[in-house]
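Note that ligands are numbered from 1 as they come in the structure, with each ligand's atoms numbered from 1 the same way. Start at 1 with the first residue, then count along the sequence.
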Amino acid sequence: MAETAKRIFGIDLGTTYSSIAYVDEFGKAVMIPNAENERVTPSVVFFDEDAVIVGEVAKESAKLYPGDVVSFIKRSMGEPNFLFLHNGESIRAEEISAYILRKLVKDAEHFLSEKVTDVVITCPAYFGINEREATRKAGEIAGLTVRQIINEPTAAAIAYDEFAKSDNGVVLVYDLGGGTFDITMIDIRKDSVEVICTGGDHHLGGKDWDDRISSYLVDVFQNETGTNEDILEDPDTLQDIILSVERAKKNLSQRQNTPISITHAGERIKTLLGREKFEELTADLLDRTIDFTHRMLEEAKEKGYPSFDEFILVGGATRMPMVQERIQKEFSIVPKVFDPDEAVAKGAAIFGWKLMLSNEFSGRLAEKINKPINQLSNISDLIKNKEICLQDVKDAKQQVSEATGCSFLKIETALMRVKNVTSKSFGIVAYNDNDQIIVFNLVLKNTGIPVVKKQKFYTTSDNQHSILIRIMESDTSQVEIPLGLAVDIRTATLSLPPLIPADSAIEVTFVLNEEGRLQISAVETGEGHKIDILVDTASVIQDEDFEKAKSRSQCLVVH
Ligand code: AMP
């Protein structure tokens with residue numbers, strides 16, 4: 001492959017399992033096995049003395065060294081208060097995720113005998129601005145160039161499209177992973193993949209099904225032994241139960257009953273858990289996913305999408321028969337179980353591959369006309385305006401084909417647009433007409449991105465030095481909401497030029513880019529002074545902490 005056409009790998013950084021894929025020389029997405037020869041790696045990190053162990057061994061070590069093992073770190077991404085203490089050091093979620101990434105990358109490099117530098121990482125559609133930023137930082141701490149963060153359902157839809165080759169259609173992607181649930185409607189066309197609506201729950205996944213079995217086992221143990229003790233408070237017993245309930249749950253996807261044994265404080269009991277009982281214990285969890293789906297369908301209807309053509313299931317937890325049966329009953333459609341463990345990583349790899357080809361193509365075309373080409377949609381405008389001729393386009397494709405070894409046809413199919421929506425509303429703290437503090441939403445949930453919003457603020461006194469803006473994120477779709485329904489994601493301090501009179505207008509521009517990242521700029525409208533903005537993002541690792549995490553993570557060996 002030519003030096004400029006760097007391969008971009010796809011990484012599914014999951015709550016319970018993670019994986020990495022690439023697109024091979026035949027244009028096919030392929031999973032890369034880890035050093036243990038598994039295609040998925042448990043997202044579990046064990047801090048051993050001077051090494052970090054990730055994966056199955058870390059998962060098994062949780063029983064012996066519960067204080068040194070971190071699981072489900074994805075649930076803490078973007079959380080300002082999360083810190084894992086190890087050997088007197090405070091470790092943030094981004095760094096822990098970076099170790100998972102390093103394990104995937106190291107094993108992939110070994111397997112392919114090729115350096116992995118550029119990646120596309122996926123995150124739940126439901127992730128807000130800080131969680132996305134934290135995911136990007138995790139990649140950077142791991143020493144990677146993160147070419148893009150894309151939504152897991154979008155990645156799954158891209159993989160499905162590549163597999164099904166159905167040109168047009170509206171698909172619902174129901175993604176129930178280990179720790180998160182996403183439901184997304186996607187319009188797949190010949191040359192574009194467009195997200196219409198998305199919804200879900202950051203804290204709902206296979207792990208919650210496991211927890212229900214664990215609580216049930218506590219009751220069984222108490223009944224059989226006559227104790228009142230909560231056996232989950234014993235770290236050894238807890239780790240034992242965590243491993244056995246997940247095994248039991250997976251067994252119940254195949255069989256009607258599964259035996260489970262529990263040992264605690266020298267007492268051992270055995271019980272048989274039936275699928276029916278399991279489904280009864282977890283029915284309300286499944287109900288929540290159905291409620292989210294109905295809510296999302298209502299929003300989609302308002303956006304002019306009253307129906308869908310396919311219902312696809314991704315995420316390991318959709319293997320539970322109760323999920324498939326319930327969906328069929330509720331929506332009168334047979335859902336397709338599509339590559340639950342691999343669709344996301346493969347979709348990310350295909351996306352990365354298309355990104356590489358389209359960047360190559362735009363770069364070569366830009367050379368011909370001597371000016372940058374920002375978007376693929378530009379190209380038809382350029383042809384229309386006679387700034388470029390069809391022959392130039394053909395020549396550029398030919399050059400990319402020669403540089404990458406990809407056929408002309410493959411390059412054409414790679415020139416696909418992906419359009420997303422924001423999964424959250426975001427706005428600012430302001431006073432309403434009744435002088436009450438509220439959140440005024442500038443961008444509403446499920447708005448297409450990129451989106452640009454401008455808002456004017458006014459100085460209150462002569463020679464005011466600064467203005468502080470609180471930027472808030474929420475799940476609601478109303479313009480004005482009470483403060484309590486939103487969370488702070490940023491504070492922006494605008495440093496004003498000297499000698500500005502009171503009541504001067506300052507226009508602030510918020511840009512939510514196509515990846516859902518927020519950029520802020522401001523000008524003083526009277527004199528046109530540009531205003532410096534200091535954005536505080538305490539929820540995401542920054543500056544010194546970032547550098548420290550990066551150098552520490554590079555010093556530790558990852559197995
Ligand atoms: P993912 O995040 O997509 O890798 O999904 C992981 C979740 O899927 C975990 O909660 C697993 O326990 C669950 N899972 C994987 N395989 C099965 C199965 N056969 N039956 C039920 N749940 C499963």
(request) Report yes or no: do Thr145 and Thr117 form a side-chain donor-acceptor pair below 3.5 Å? (result) no
(message) Listing request: all ring pair (Phe, Tyr, Trp, His ring centres under 6.0 Å) pairs with a residue in residues 314-346, at least two apart in sequence or in separate chains.
(response) Tyr160-Phe338, Phe163-Phe338, His294-Phe331, Phe311-Phe331
For residues 213-221, dump all side-chain donor-acceptor pairs below 3.5 Å to protein atoms at least two apart in sequence or in another chain.
{"unit_1": "Ser214", "atom_1": "OG", "unit_2": "Asp210", "atom_2": "O", "d": "3.2"}
{"unit_1": "Ser215", "atom_1": "OG", "unit_2": "Asp211", "atom_2": "O", "d": "3.1"}

Under 3.5 Å: N or O atoms of ligand 1 paired with protein N or O:
{"unit_1": "ligand 1", "atom_1": "2 (O)", "unit_2": "Gly178", "atom_2": "N", "d": "3.0"}
{"unit_1": "ligand 1", "atom_1": "3 (O)", "unit_2": "Gly316", "atom_2": "N", "d": "2.9"}
{"unit_1": "ligand 1", "atom_1": "5 (O)", "unit_2": "Gly178", "atom_2": "N", "d": "3.4"}
{"unit_1": "ligand 1", "atom_1": "5 (O)", "unit_2": "Gly316", "atom_2": "N", "d": "3.2"}
{"unit_1": "ligand 1", "atom_1": "8 (O)", "unit_2": "Ala317", "atom_2": "N", "d": "3.0"}
{"unit_1": "ligand 1", "atom_1": "10 (O)", "unit_2": "Lys249", "atom_2": "NZ", "d": "3.0"}
{"unit_1": "ligand 1", "atom_1": "12 (O)", "unit_2": "Glu246", "atom_2": "OE2", "d": "2.6"}
{"unit_1": "ligand 1", "atom_1": "12 (O)", "unit_2": "Lys249", "atom_2": "NZ", "d": "2.7"}
{"unit_1": "ligand 1", "atom_1": "14 (N)", "unit_2": "Gly316", "atom_2": "O", "d": "3.4"}
{"unit_1": "ligand 1", "atom_1": "20 (N)", "unit_2": "Ser253", "atom_2": "OG", "d": "2.6"}

(request) For Tyr174 and Thr318, test the side chains for any donor-to-acceptor distance below 3.5 angstrom and give the result as yes or no. (result) no
(request) Determine which pairs satisfy side chain to side chain donor-acceptor pair (under 3.5 Å) with at least one residue from residues 20-35, sequence neighbours left out, and list them in order. (result) Asn34-Glu36, Asn34-Thr41
(message) With a 6.0 Å cut-off (strictly less than), is the heavy-atom count around NZ of Lys115, excluding the residue itself, greater than 12?
(response) no
